[in-house]
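Below, all heavy atoms of this structure are taken into account, side chains as well, without hydrogens, waters or symmetry copies. In what follows, every chain begins at residue 1, and chains take the letters A, B, ... in the order their sequences are listed.
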Amino acid sequence: MFAEDKKEEKSLNFIEEIIEADLQSGKYTQIITRFPPEPNGYLHIGHASSICLNFGLTKKFPGYTNLRFDDTNPVTEDTEYVESIKNDIRWMGFEWKHELYASDYFDTLYGYAVKLISKGLAYVDDSTSEEIAAQKGTPTEPGTDSPFRSRSADENLELFEQMKNGAFPDGSRTLRAKIDMQHINMLMRDPILYRIKHAHHHRTGNKWCIYPMYDFAHGQSDSIETVTHSICTLEFVPHRELYDWIIEKLEIYPSHQYEFARRNLNYTVTSKRKLLQLVQEGHVHGWDDPRMPTISGLRRRGYTPESIRDFCDRIGVARRENMIDVGLLEFCVREDLNKKALRRMAVLDPLKVVITNFPEGVTEMCQLENNPEDDAAGMREVPFTREVYIEKEDFMETPSKKYFRLAPGKIVRLKGAYIVQCEDFVKNENGEVTEVRCTYIENSKSGHDTTGINVKGTLHWVSVADAVPVEVRLYDRLFVVEDVASEEGDFKDYINPDSLHVITGYAEPALADAKPGDSFQFLRKGYFAADTESTNEKPVFNRTVTLRDNWAKAAVS
RNA sequence: UGGCCGAUGGUGUAAUGGUAACACAGGACAUUUUGGUUGUCUUAUUCAGGGUUCGAGUCCUUGUCGGCCAACCA
């Protein structure tokens with residue numbers, strides 16, 4: 001059980017209420033859910049919500065959850081996606097009961113189709129795609145019957161078998177349900193059940209040249225697995241009538257579909273089509289680019305499974321349209337990493353400080369806490385010398401009144417080391433400050449400070465002689481507008497041209513040992529995770545998220 | 001012009017006919033050898049009108065606004 005699940009019981013969401021009622025009434029003694037991705041892309045933060053819901057339900061209530069790949073369209077699907085999906089679900093901390101594929105049921109589904117035809121409830125249609133579209137009518141106008149609608153069951157059976165045997169080219173015929181072309185629900189106007197695709201399938205190879213449509217695969221797959229609560233997003237609400245119709249006519253186990261609103265995150269996109277486009281056109285460096293809202297991207301960025309689960313928990317489950325602030329996701333990862341991440345010092349934009357009264361050639365070790373939030377994390381030693389780097393932004397020639405960092409004549413604490421006072425500074429010909437000269441106060445060392453001086457500011461620093469150069473990748477939101485989908489024109493027009501900055505930072509020696517995936521808090525700068533490409537020779541860090549910064553906020557306003 | 005689904009602080013969720021709650025974001029103060037963390041305080045006539053009721057965010061009704069539905073995608 002996850003720690004966050006142990007919190008005091010929150011009120012149930014509407015699906016949990018339904019399940020509780022079903023359990024209490026004795027309708028079920030256990031529940032079965034499923035997570036049904038199509039293996040045609042990587043999982044994203046929206047899927048995370050669905051994963052937490054489906055798997056979370058069977059953690060909370062008796063029962064189990066299957067992983068079922070909805071692989072009914074061979075032309076877009078691939079085993080690469082299957083593997084990434086399994087990997088991401090496990091990383092999220094969930095384990096499925098059975099690994100299943102809709103393609104496992106192709107024979108059964110074929111039999112179901114034959115049964116429907118025999119009952120006079122399906123027919124082979126020779127109409128073209130355009131003709132079928134025309135027959136459908138519109139939401140406000142009824143459709144018209146296909147000229148092939150009244151074929152005999154025997155003829156349909158014969159034709160359908162020939163379809164299966166590869167007698168016809170792609171697109172030449174379809175199997176359609178015979179329901180009602182005047183139905184108020186467009187999906188009930190003789191929906192296509194099977195189409196011809198002479199395509200290689202990632203699992204069944206070339207065995208089949210006809211493939212069932214979503215509506216003729218999903219509900220039956222649920223039924224075959226005796227899924228009790230089949231949970232999907234709101235755009236499938238109109239499909240429920242067809243879902244129930246097929247199950248009823250086939251007289252198979254009655255699974256039930258329940259819909260919730262997909263979660264939208266601002267400043268990003270969560271459409272697989274759009275994400276694929278970003279990858280294929282090189283706007284990002286792959287599905288796991290740390291700017292991507294994919295689970296693999298978030299992982300590489302430094303997000304933890306705990307933080308993503310917490311996020312999903314906080315945003316909840318409902319049926320209304322929503323746009324969730326990415327700030328909440330950031331809050332969740334800060335909260336998690338604050339407890340776990342070891343503190344390290346790294347200077348991202350260096351300015352040299354010379355401590356004029358500190359002896360040359362001497363290295364003095366300083367003891368610093370690895371994590372003030374976790375005593376068990378212990379201490380580490382950091383070398384201090386006459387010359388150190390601080391951040392450029394931590395010195396101001398003419399500071400405002402509320403600035404309590406370094407400035408001419410002002411004192412400041414170098415974290416874990418000494419209190420220093422600024423005596424002088426050097427400028428280059430462009431008027432930029434290139435060096436700050438300070439004196440240190442001898443008996444002010446952290447832990448042994450007998451001066452009684454109260455300093456307002458504390459700076460992070462790195463010894464010049466001991467600094468480890470590291471590549472640091474700073475990320476910003478991928479899009480410049482909150483709601484990309486609602487904007488006019490091509491979504492790519494709203495890509496943030498400054499979503500990535502690669503810089504060289506100077507880190508304390510301990511950071512040279514970072515292993516890919518390790519997370520750290522760079523003091524006063526944010527949380528950073530060693531990238532998958534990081535090595536001891538060339539450490540690379542991704543900024544997961546900055547620290548909250550009240551000073552920066554105040555400066556803006 | 002049809003059908004379906006929605007509407008509660010800036011955002012996301014709660015309140016199951018009986019005091020509109022929680023979290024994030026924002027603001028203020030305190031604490032702090034990270035301007036981090038932590039603590040305290042603070043921000044709503046529940047889309048609108050009508051109705052039922054002792055009592056309505058909740059039930060009924062009308063309207064308004066938003067989303068979805070006319071892929072051989074899922």
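A:Asp190 has its CG atom 13 Å from the P atom of B:C72, to the nearest Å. For the pair A:Asp215 CG and B:A74 C1', the computed distance is 9 Å after rounding to whole Å. Here B:A23 presents its P atom at 19 Å from CG of A:Asp336, a figure rounded to the nearest Å. The separation between A:His202 atom NE2 and B:A74 atom P is 12 Å, rounded to whole Å. Remark: P of B:U11 and CD1 of A:Ile315 are 16 Å apart, rounded to the nearest angstrom. Rounded to whole Å, the distance from CE on A:Met379 to C1' on B:U33 is 12 Å. Rounded to whole Å, the distance from CZ on A:Phe216 to C1' on B:A71 is 19 Å. A:Ile192 has its CD1 atom 12 Å from the P atom of B:A70, to the nearest Å.
When the side-chain nitrogen and oxygen atoms of A:Arg548 are compared with OP1 and OP2 of B:U37, one or more of them lie within a distance under 4.0 Å. Contact check, A:Asn550 against B:G36: a side-chain N or O comes under 4.0 Å of OP1 or OP2. The shortest distance between the side-chain N/O atoms of A:Lys197 and the OP1/OP2 oxygens of B:C73 is below 4.0 Å. Between B:G26 and A:Lys553, a contact under 4.0 Å exists linking OP1 or OP2 to a side-chain N or O. Within the 4.0 Å cut-off from OP1 or OP2 of B:U1, not a single side-chain nitrogen or oxygen of A:Thr140 is found.
Looking at the side chain of A:Leu547, the nearest of the listed nucleotides B:G36, B:A74, B:U13 is B:G36. The side chain of A:Arg195 has B:A74 as its nearest neighbour among B:G2, B:A74, B:A71. When each of B:C24, B:A15, B:A74 is scored by its nearest atom to the side-chain atoms of A:Leu328, the top-ranked nucleotide is B:C24. Between B:G36, B:C69, B:U13, one nucleotide has an atom nearer to the side chain of A:Glu373 than all others, and that is B:G36. Distances from the side chain of A:Met186 to the nucleotides B:G67, B:C69, B:A71 place B:C69 closest. Distances from the side chain of A:Thr72 to the nucleotides B:U34, B:A74, B:A25 place B:A74 closest. You'll find that the side chain of A:Asn338 is closest to B:G36, out of B:A25, B:A70, B:G36. Nearest to the side-chain atoms of A:Arg320 among the listed nucleotides B:G12, B:A74, B:G6 stands B:G6. For A:Arg263, taking side-chain heavy atoms from C-beta onward, the closest of the listed nucleotides B:G12, B:U1, B:G36 is B:G12. In this structure, of B:C72, B:C5, B:A70, it is B:C72 that holds the atom nearest to the side chain of A:Ser129.
In this structure, A:Pro372 reaches the bases: a heavy-atom distance under 4.0 Å links it to at least one base atom across the strands shown. Contact annotation for A:Phe236: base contact, defined as any heavy-atom pair under 4.0 Å involving a base atom. As judged by a 4.0 angstrom heavy-atom cut-off over every strand, A:Gly416 is placed among the base-contacting residues. Nucleic acid contact class of A:Gln521 (heavy atoms, under 4.0 Å, all strands): base. At the heavy-atom level, A:Tyr211 lies nowhere under 4.0 Å from the strands shown. Counting any heavy atom pair closer than 4.0 Å across all strands shown, A:Gly41 reaches no nucleic acid atom. Counting any heavy atom pair closer than 4.0 Å across all strands shown, A:Ser127 reaches a base atom. Counting any heavy atom pair closer than 4.0 Å across all strands shown, A:Asp325 reaches sugar-phosphate atoms only and no base atom. Using a 4.0 Å heavy-atom criterion, one finds that A:Arg413 contacts the bases of the nucleic acid, with or without backbone contacts as well. A:His218 comes within 4.0 angstrom of nothing in the nucleic acid, heavy atoms only. A:Arg343 comes within 4.0 angstrom of a nucleotide base, judged by non-hydrogen atoms across all strands.
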### Query
With Watson-Crick and G-U wobble geometry limited to distances under 3.5 Å, how should the secondary structure of RNA chain B be encoded in dot-bracket form, using | for bases paired to another strand and [ ] for crossing pairs?
.((((((..((((....[..)))).(((((.......)))))....(((((..]....))))))))))).....
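A residue-by-residue look at A:Tyr403 and A:Val317 shows that A:Val317 has its nearest nucleotide of RNA chain B further toward the 5' end. For A:Val455 and A:Arg334, each mapped to the nucleotide of RNA chain B holding its nearest heavy atom, the one lying further toward the 5' end belongs to A:Arg334.
Residues A:Trp461 and A:Asp394 form no side-chain contact, since every pair of their non-hydrogen atoms from C-beta on lies 4.5 Å or further apart. Residues A:Gln135 and A:Asp125 meet the side-chain proximity criterion, which asks for heavy atoms closer than 4.5 Å.
B:U53 and B:C59 are spaced 10 Å apart, taking the C1' atom of each and rounding to whole Å. With C1' as the reference atom, B:G49 and B:G9 are 23 Å apart, rounded to whole Å. Nucleotides B:A14 and B:C69 have their P atoms positioned 24 Å apart, rounded to a whole Å. Between B:A25 and B:U45, the two C1' atoms lie 24 Å apart (nearest whole Å). Going from the C1' atom of B:G27 to that of B:G66 covers 31 Å, rounded to whole Å. A gap of 41 Å separates the P atoms of B:A74 and B:G10, to the nearest Å. The separation of B:U8 from B:G12, taken at their C1' atoms, amounts to 12 Å, rounded to a whole angstrom. Annotation: B:A21 and B:A44 have their P atoms spaced 10 Å apart (nearest Å).
The residues A:Glu335 and A:Arg314 are annotated as salt-bridged, a charged nitrogen and a carboxylate oxygen being separated by less than 4.0 angstrom. A salt bridge links A:Glu508 with A:Arg380: the distance from a Lys NZ or Arg NE/NH1/NH2 to an Asp or Glu carboxylate oxygen falls below 4.0 Å. Salt-bridge annotation for A:Arg34 and A:Glu225: absent, with no side-chain N of the basic residue lying under 4.0 Å from a carboxylate O of the acidic one.
No side-chain donor-acceptor contact under 3.5 Å links A:Ser221 to the backbone of A:Ala102. Listed for the A:Arg189 side chain is a donor-acceptor partner under 3.5 Å among the backbone atoms of A:Thr138.
Between A:Ile419 and the options A:Val455, A:Asn454, A:Val412, A:Leu414, a side chain to side chain contact (heavy atoms under 4.5 Å, CB included) holds for only A:Val455.
Here the closest heavy-atom approach between residue A:Phe168 and residue A:His198 is recorded as O-NE2, 2.9 Å.
Between A:His201 and A:Phe106, the ring centre distance stays below 6.0 Å. The six-membered or imidazole ring of A:Tyr214 lies near that of A:His239, with a centre-to-centre distance under 6.0 Å. Proximity of the aromatic rings of A:Phe384 and A:Tyr418 is defined here by a centroid distance below 6.0 angstrom, and this criterion is met.
Ring-to-base geometry does not place A:Tyr214 in a stacked arrangement with B:A74 (centre distance under 5.5 Å, plane angle under 30° required).
Between the side chain of A:Thr458 and the base of B:U34, no donor-acceptor pair of N or O atoms lies under 3.5 Å. The base of B:U13 lies outside donor-acceptor range of the side chain of A:Arg314, with no N or O pair under 3.5 Å.
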